[in-house]
Amino acid sequence: MDKHFCSQFMFLGLLLTPFFPKLAPLHFTTLRPNATAREVAHENEVVALLKWKASLDVNSQSLLSSWDSNGSNPCNTWIGIRCNKAGRVGYVELSDFGLRGRLHDLDFSSLNHVVYLDMSNNSLYGTIPSNIGNLSKLYYLDLALNFLLGPIPPEIGLLTNVWDFSLDHNNITGSIPQQIGLLRKLVTFDLGFNYITGIIPSFIGNLTHLHFLALPNNGLSGCIPSTIFSNLTNLQYLYLYSNQLSGPIPGEVGMVRSLWDLELADNHLTGQIPASIGNLSNLIDLILRVNQLSGLIPEEIGKLHSMLDLELGANNLEGNIPSSIGNLGRLEYLSLYDNKFTGKILSSLKNCTRLYRIDLRSNEFSENISQNFGMYSNLNYIDLSDNSFYGELSVTWGHCRNLTGFKASNNNLSGKIPDEIGGASQLEVLDLSSNRLTGRIPQIFVKFISLLDLRLNNNKLSGDIPSTIGKLSKLLHLNLAENNLSGPIPPEIGECKELLDSNLSQNALNGKIPFQIGEMNSLETLDLSHNMLIGELPQQLGELKSFQIMNFSHNELSGSVPSSFSQCLSLVLVNISYNQLEGPLPNIAAFRKAPFDALRNNKDLCGDVAGLKACPRSGSNQVNKSSSKAKTMLIVFPTLGTMLFCVLLLFVALTRKSSKARTESGCDRNKDPFAIWSFDGKMVYKDIVKATEDFSAHYCIGVGGNASVFGAEMPNGQIVAVKKLHTQENIGLSSPEGFRNEILALTEIRHRNIVKLYGFCSHALHSFLVYEFLEGGSLLDRLSNDEKAMNLKWITRIRILTDVANALFYMHHDRSPPIIHRDISSKNVLLDSENVAHISDFGCARFLKPHSSNWTTFAGTYGYAAPELAYTMEVTEKCDVYSFGVLALEVIVGKHPSDLISILLSTPSSMPKPKSLDIMLKDVLDKRIPPPTLQEAEDVVLAAKLAIACVHTSPQFRPTMQQVSGHISRKKSASKSLSLVTLSELLYS
């Protein structure tokens, strides 16, 4: 129904009201004959607002229930509306309302007295209407955190009184219109996190009142205009990071003496850091990381006495660090990683006693670490890896009581590990690998009760592995390989229940493999190769349900491989070569498809593997059975051969909305798998089987309880992910219902943050699904690996959470019926090459059908499933909300937040605040990456607050994904510094 017809219909209602009283509510549209011009204008405002309300979705209309047509005065009773002294609508304050609808349906031409318009953090979509230019009196405009798209209309230049202009976190495209240069009163201008392209126009320099200029996370290119620095002398915040800007940093940068925060990271800037930067005496944050800057750090850097955060990592900078850096007495964070710096630095930093994080990795620093390391009582994290530091570890390290991360791998450190290092009892990561350390592993390590990652590999350590290793109950990663360790593997290692991977290879360990290792239920990788281990393989090892990689080669192990390994379906790679093993191999893919080199040089192994002899038959009965089977197969195989050519391989056409090409993803929108692959299902089937060598373990990139995932390169070069369901003899598919669920769900939904299904094959021999291949792997893998986790900076992590929240918002609120995933976890969030997140694995998904039962059996991953599922099996959207909360906390703390969840779930918000929640948020953040900048800290605090709200014990008190999606995308000013925020404040706020 168009607007013209609507107005006619409402007018007709007025004429018929005496005969049809139910139409009386439409009286508000009557323009009274004797009304004054002011009254008419006021009534036009009411009509415009009510029409817009009617255009919103039903849920949104209920949120504006106070907006009615029964003669109520919007100035007094309408939520979000305030009037000026003349009785005209002057303030529209609808931020964070959860409204969904088109902004274009609001007639701004009837609201020309509005001075304050805030509709941020909603779900408004469509284009920005050109009649917004009628708001000539407007001084505050905030439409951030919505789904607005298209270009900024040129009529925006008519808002000449506006001083706060925010369109950040939308889907705005096009270039910055030149009419922006007419907004001479602008103080705040924020277009960040959109898809704006083109150059930064020089007329931005005409906005001389600007204090805050933010254009980050767009597609802007070209040089930074010098007029920004020469003209904007009042500027305090300049955010241009994460664009495609090139060229040098203008020398005029030193003219903006008011500047507090300068962030130009993640661009393609070249040239040297201008010496004039030393004039910025008020500068607190200088973020220039991930560019192509070259040359020396100017000596003038030492003049920035207010500096707290200096980030110059990932550039081409070189030479010695100027000694003047020691003048930065307030410095808390120093990041110089991945450059070509030489000479000394630690001696220059001795005066920077407030340092909190230091990242000097991947340079050419050469300095005696035992003589020049200062006293840093606040130090939380230091990374000296991949340099040429030398000398012995000083006892001074033990005075760093707040140290949680110490990395100094790949240097020339020597001597023993001092017992005094135990004073740093808060350590979570200790990496001293690839040095020349000698002596024993100190017993003092028992004090590191929070240790998650211990890497001492590739040194000259000797003696035995201390039994106190079992006290490291939180340990996830242990690497003691390539040393001179001797003696038996202590059975106490089995007490490390959380351990994911352990590498004890290339030592002189002897004795038997302790059966207690079979109690480490989280263990995924175990490498005991190149030792002197004897005895049989413990039967208990076959009970490791997460076991994926096993290397026991080059030992003196004997006996047979235990039959319990037949249940180890998660195993992908095995190597048992160069031992004294004998007997049959377990009948699982990891052994059947292992290369001969992984099995060679044993006593008498047998099995159906090339290079091994076949195992002997046992008895005539077996022979008869085999003969009977052979006859049967002679009949069945020709039939199967025919069926193989009739296999069902249904490809689902991937339609894409051309109008939102940039919004949906950064790749080519018009690329359709049907343009690459033939419709011939038999051919594609053959291509996949050939590309994976009949699903060889060599191509396996992931294993789950019901399926394995393989990478397959098609003949045209396209790489796809193939999820093959496990089959069990006499049972068939391990999860036929999950197979159907996944197909049904993924053929119904299309979203840039949901993995794309290309097709599937349902067949007795092979049942699999074909997906887009996502190079970045799973979020679980990225967070579990230190090196990979360090590449997930705070801005990336918040963006990942935003992606997941947007996908769940789409599934819960944009679909009819809604789709509940039921297994949101870090293993089911996949990342592409640009770290864009995609939800995967819809095997447990359910469509929520109204007016019908939504009860079911338990599904999901323990640790992520909502607590109410322990006593009720009713599926609701709030189950996904809870799982998202756990995921968000995991992204923030860097690991599964089981301890944190236990505290939160045992603390209802209605109870008095317990001391267990007097934990600083900064103390639970992932220490493997630098702490958040001032701007990032606001996002982290907000994400933590939302996560805690999502894991509320009562589903009705959890937010919806619509609310979460709206909030998490928008950074807001934090009322307190990150260093002052406690968990209790987040729970009780």
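Small disclaimer: the values here were computed from a predicted structure and weren't measured.
The minimum heavy-atom distance between Ala275 and Pro298, with the atom names listed, is CA-CB, 4.0 Å. When all heavy atoms are compared, the tightest approach of Ile449 to Lys474 is O-CD, 3.8 Å.
Sorted by first and then second residue, the side-chain hydrogen bond (donor to acceptor under 3.5 Å, both in side chains) pairs involving residues 274-302 (not counting sequence neighbours) are Arg289-Glu311, Glu299-Ser324. Sequence neighbours left out, not one pair with a member in residues 270-327 passes ring pair (Phe, Tyr, Trp, His ring centres under 6.0 Å). Under the ring pair (Phe, Tyr, Trp, His ring centres under 6.0 Å) criterion, no residue pair touches residues 271-296, with sequence neighbours excluded.
Take Asn479 and apply the side-chain contact (heavy atoms from CB on, under 4.5 Å) test, not counting sequence neighbours, and it matches Arg455, Asn457, Ala481, Asn503. For Ser385, the side-chain contact (heavy atoms from CB on, under 4.5 Å) test picks out Arg361, Asp383, Lys407, Ser409, with sequence neighbours left out. By the ring-ring contact (aromatic ring centres under 6.0 Å, His included) test, Tyr356 is found to be paired with no residue, residues two or more places apart in sequence or in another chain being considered. When the ring-ring contact (aromatic ring centres under 6.0 Å, His included) test is applied to His530, the partners found at least two apart in sequence or on another chain are His554. When the ring-ring contact (aromatic ring centres under 6.0 Å, His included) test is applied to Trp260, the partners found at least two apart in sequence or on another chain are Tyr237. With sequence neighbours left out, Lys340 forms a side chain to side chain donor-acceptor pair (under 3.5 Å) with no residue at all. Residues forming a ring-ring contact (aromatic ring centres under 6.0 Å, His included) with Phe365 (at least two apart in sequence, or on another chain): none. In this structure, the side-chain contact (heavy atoms from CB on, under 4.5 Å) partners of Leu215, at least two apart in sequence or on a different chain, are Ile176, Phe189, Leu191, Ile200, Leu213, Leu220, Leu240. With sequence neighbours excluded, no residue forms a side-chain contact (heavy atoms from CB on, under 4.5 Å) with Ile199.
For the pair Lys793 and Tyr337, the cation sits on the ring face: its NZ or CZ lies under 6.0 Å from the ring centre, inside 45° of the axis.
Between Asp464 and Arg440, at least one side-chain nitrogen of the basic residue sits less than 4.0 Å from a carboxylate oxygen of the acidic one, meeting the salt-bridge criterion.
Side-chain atoms of Arg799 and Asn217 include no donor-acceptor pair closer than 3.5 Å. Side-chain polar atoms of Asn410 and Asp386 form a donor-acceptor pair below 3.5 angstrom. Side-chain contact of Asn458 with Ser434: a donor-acceptor pair under 3.5 Å is present, judged by distance alone.
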